[in-house]
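First the structure, in the form of structure tokens, and then the observations on it.
Bear in mind the structure is a predicted one, so any value in this text is a computation, not a measurement.
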Amino acid sequence: MNHWREAPVLVRALDTYDPQGAQAIVEEIFALWPGAAQLGRDTRVTIKPNLLMRRAPERATTTHPVIVGAVVAALRRRGVERITIADSPGGPYTQGALKGIYQSAGMTALGEELLNYDVTWQRCPAPTGGLVGEFNLITPVAQADVVIDVAKMKTHGMTTLSGGVKNLFGCVPGLQKPQLHYQYPQSDAFCQMLVDLALTVGPALTIVDGVVAMEGNGPSGGEPRQVGYLVGSTSPFAADLVLAHMMDLPVEGIATLVHGRERGLVPGDVGELKLLGDPCPVFHDFKRPASRALDFTDHMPGVVRPLAKLVQRFTRPRPVIRRDKCVGCGKCAESCPAHTIEIVEGKAVIHYDKCISCFCCHEMCPFQFIDMGRGLLPRGRS
């Protein structure tokens, strides 16, 4: 992964999911990558899209197949034959779950021979000096010569921004992801872990699908938002800094960028990057997730910040189940790292005494019946 000073970012307008237009822009992004010249027939390339859950592409939860297909076409033009599309979505990492998600997300149209069904994983050491010593990574990522990160431009209830860095969390197999949530329950530590993970995976290219993004209560419960751009770089951190600028999100509220800056992986301001392509727009009305919209303490004077933090500790964002609509499918309980959700009389119940407000349940509810609430945190259950 290139240092940000060596990693220009291409911002290019693309109003619709036009395959020819997408392929032309992806070719421009490949031109940013010196390693593209070394690609060959036997290079093992894994494309890592965002395939969070079973959703149709127009819902803007997953990376659009046209963008993934453009990456496949660019690789084939360079003679690459060993191409795999792989992700470990939310929930169990099984062949059956993968098949359903590939179908829903439109990936099967790209060719079954490209899709990963190997549900094994391998232990990989992380670079020294970080928070995490090693990660379990899905085998297609662990064994790849090259990983191409094909993310979706979205807001996120816990990390504020879901882009190139957060997308790599899907390299961790299945229900081991909630285990990491439980191990690093606070957003700051969780984002430090994500930085370690990005450095471990080391994607050669990051391409972000922002043709139709997601705003509001992402990464699954938000609303599609027409943005009309692709963003590409050899650095997922540089790409994410541009996304934050476009979404008008303060860098100080995105811990992956804060910790990336501390490690010298990204500058503090988008003006320090080398931007190519079209003028970079700013969408000042981009909706933030409810869990972040009221997080005001970092902008308060230092003398009163501790008191504000104490107040916020007891009024922190929390998931709230719409019990009148809940169907008791159990996906929320399955994904809860703290095991604080159970199904009682056909309805999901959250025991707030153990809730860590990671919003995995909100993220994985297939019906979007879990909201992000705020107020005095109950001691009992929902």
Side-chain angles (χ1 to χ4, degrees), residues 50-63 89-91 105 151-163 165-167 169-170 177-178 181 185-187 190-191 194 208-210 212-227 240 243-244 246-250 253-256 283-296 312 315-327 329 331-337 340-341 348 350 352 355-375 377 382:
N50 186 323
L51 300 179
L52 175 64
M53 63 196 311
R54 295 183 66 163
R55 285 280 173 85
E58 57 267 21
R59 299 282 297 277
T61 301
T62 55
T63 308
K152 189 73 174 178
M153 180 180 183
K154 300 190 288 186
T155 49
H156 193 283
M158 186 177 189
T159 62
T160 306
L161 169 68
S162 183
V165 175
K166 179 60 175 66
N167 186 48
F169 195 42
K177 289 190 289 294
H181 270 289
Q186 300 303 317
S187 177
F190 183 78
C191 288
L194 290 178
V208 184
D209 170 12
V212 180
M214 178 176 282
E215 64 178 357
N217 291 332
S220 64
E223 303 164 359
R225 166 72 184 257
Q226 178 70 30
V227 171
D240 281 1
L243 296 181
M246 293 174 68
M247 299 160 79
D248 197 26
L249 297 172
I254 304 172
T256 50
F283 298 89
H284 295 290
D285 61 343
F286 211 93
K287 295 179 183 176
R288 302 179 187 182
S291 60
R292 294 292 171 183
L294 297 177
D295 189 0
F296 56 87
Q312 193 168 49
T315 61
R316 71 175 188 262
R318 67 185 190 276
V320 179
I321 296 170
R322 298 186 212 167
R323 289 181 56 79
D324 60 326
K325 295 184 178 295
C326 176
V327 299
C329 69
K331 287 292 184 182
C332 56
E334 176 184 81
S335 64
C336 177
T340 189
I341 303 176
I350 300 174
Y352 285 113
C355 177
I356 61 174
S357 294
C358 65
F359 295 105
C360 289
C361 57
H362 169 269
E363 186 173 324
M364 294 311 303
C365 177
F367 307 103
Q368 298 180 29
F369 290 161
I370 301 179
D371 299 319
M372 295 180 183
R374 197 180 264 276
L377 192 63
S382 63

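- Heavy atoms only, all atoms of each residue included: A213 and V227 are closest at CB-CG2, 3.7 Å.
- Side-chain atoms of H156 and E363, non-hydrogen and from C-beta on, do get closer than 4.5 Å to each other.
- A distance-only check finds no donor-acceptor pair linking the side chain of T62 to the backbone of P57 [under 3.5 Å].
- Using a 4.5 Å cut-off on side-chain heavy atoms (C-beta onward), H362 and N217 make contact.
- Residues I370 and V320 fail the side-chain proximity criterion, which asks for heavy atoms closer than 4.5 Å.
- Closest approach of P219 to G157, counting heavy atoms only: CD-N, 4.4 Å.
- Heavy-atom minimum distance, I350 versus C355: CG2-CB, 4.4 Å.
- Looking only at side-chain heavy atoms (C-beta outward), M247 and M153 come within less than 4.5 Å of each other.
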What verdict does the side-chain contact (heavy atoms from CB on, under 4.5 Å) test give for L194 and K166, after you've listed the backbone C-alpha separation in whole Å, the side-chain angles of each residue and the deciding distance to 0.1 Å? CA-CA 7 Å; L194 290 178; K166 179 60 175 66; 3.6 Å; yes
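- Taking each heavy atom of R59 and P224 in turn, the nearest pair found is O-CG, 3.8 Å.
- Partner S162 forms a side chain to side chain contact (heavy atoms under 4.5 Å, CB included) with one of N167, N50, T155 and no other, that one being N50.
- We find the OG-OH distance between S357 and Y352 to be 8.5 Å, quoted to the nearest 0.5 Å.
- Atom OG1 of T159 sits about 8.5 Å away from atom CD1 of I254, to the nearest 0.5 Å.
- For K177, the NZ atom is densely surrounded, since the number of other residues' heavy atoms within 6.0 Å is greater than 12.
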For E223 and K287, run side-chain contact (heavy atoms from CB on, under 4.5 Å): C-alpha distance rounded to whole Å, both residues' side-chain angles, the deciding distance at 0.1 Å, then the answer. CA-CA 9 Å; E223 303 164 359; K287 295 179 183 176; 3.0 Å; yes
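- Atom SG of residue C191 and atom CD of residue Q186 lie 11.0 Å apart, to the nearest 0.5 angstrom.
- Between F190 and F169, the angle of the ring planes goes over 60°, which puts this pair in the perpendicular group of the 30/60° scheme.
- Side-chain atoms of P366 and C329, non-hydrogen and from C-beta on, do get closer than 4.5 Å to each other.
- Looking only at side-chain heavy atoms (C-beta outward), C360 and P337 come within less than 4.5 Å of each other.
- Evaluated for a side chain to side chain contact (heavy atoms under 4.5 Å, CB included) with I341, the options P319, S335, C336 yield exactly one hit, C336.
- Relative ring orientation between F369 and F367 is described as parallel, the plane-to-plane angle staying below 30° on a 0-90° scale split at 30° and 60°.
- Other residues, nucleotides and ligands place more than 12 heavy atoms under 6.0 Å from the CD atom of Q368.
- Interatomic distance, CG of L243 versus CZ of F286, reported as 9.0 Å (0.5 Å rounding).
- Side-chain atoms of L161 and T256, non-hydrogen and from C-beta on, never get closer than 4.5 Å to each other.
- A pairwise comparison of heavy atoms in D248 and H284 identifies OD2-ND1, 3.3 Å as the closest pair.
- One finds no salt bridge joining D371 and R318 here, because no Lys/Arg side-chain nitrogen approaches an Asp/Glu carboxylate oxygen to under 4.0 Å.
- Side-chain atoms of K152 and M214, non-hydrogen and from C-beta on, never get closer than 4.5 Å to each other.
- Interatomic distance, SG of C365 versus CD1 of I321, reported as 8.5 Å (0.5 Å rounding).
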Report the C-alpha distance between K154 and D209 in whole Å, list the side-chain angles of each, state the deciding distance to 0.1 Å, and finish with yes or no for salt bridge (charged side-chain N to carboxylate O under 4.0 Å, His left out). CA-CA 9 Å; K154 300 190 288 186; D209 170 12; over 6 Å; no
Any chance you could lay out the side-chain contact (heavy atoms from CB on, under 4.5 Å) test for T160 and R288, step after step, and finish with the verdict? CA-CA 7 Å; T160 306; R288 302 179 187 182; over 6 Å; no
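- Listed here is the closest heavy atom pair of R55 and S220: NH1-O, 3.0 Å.
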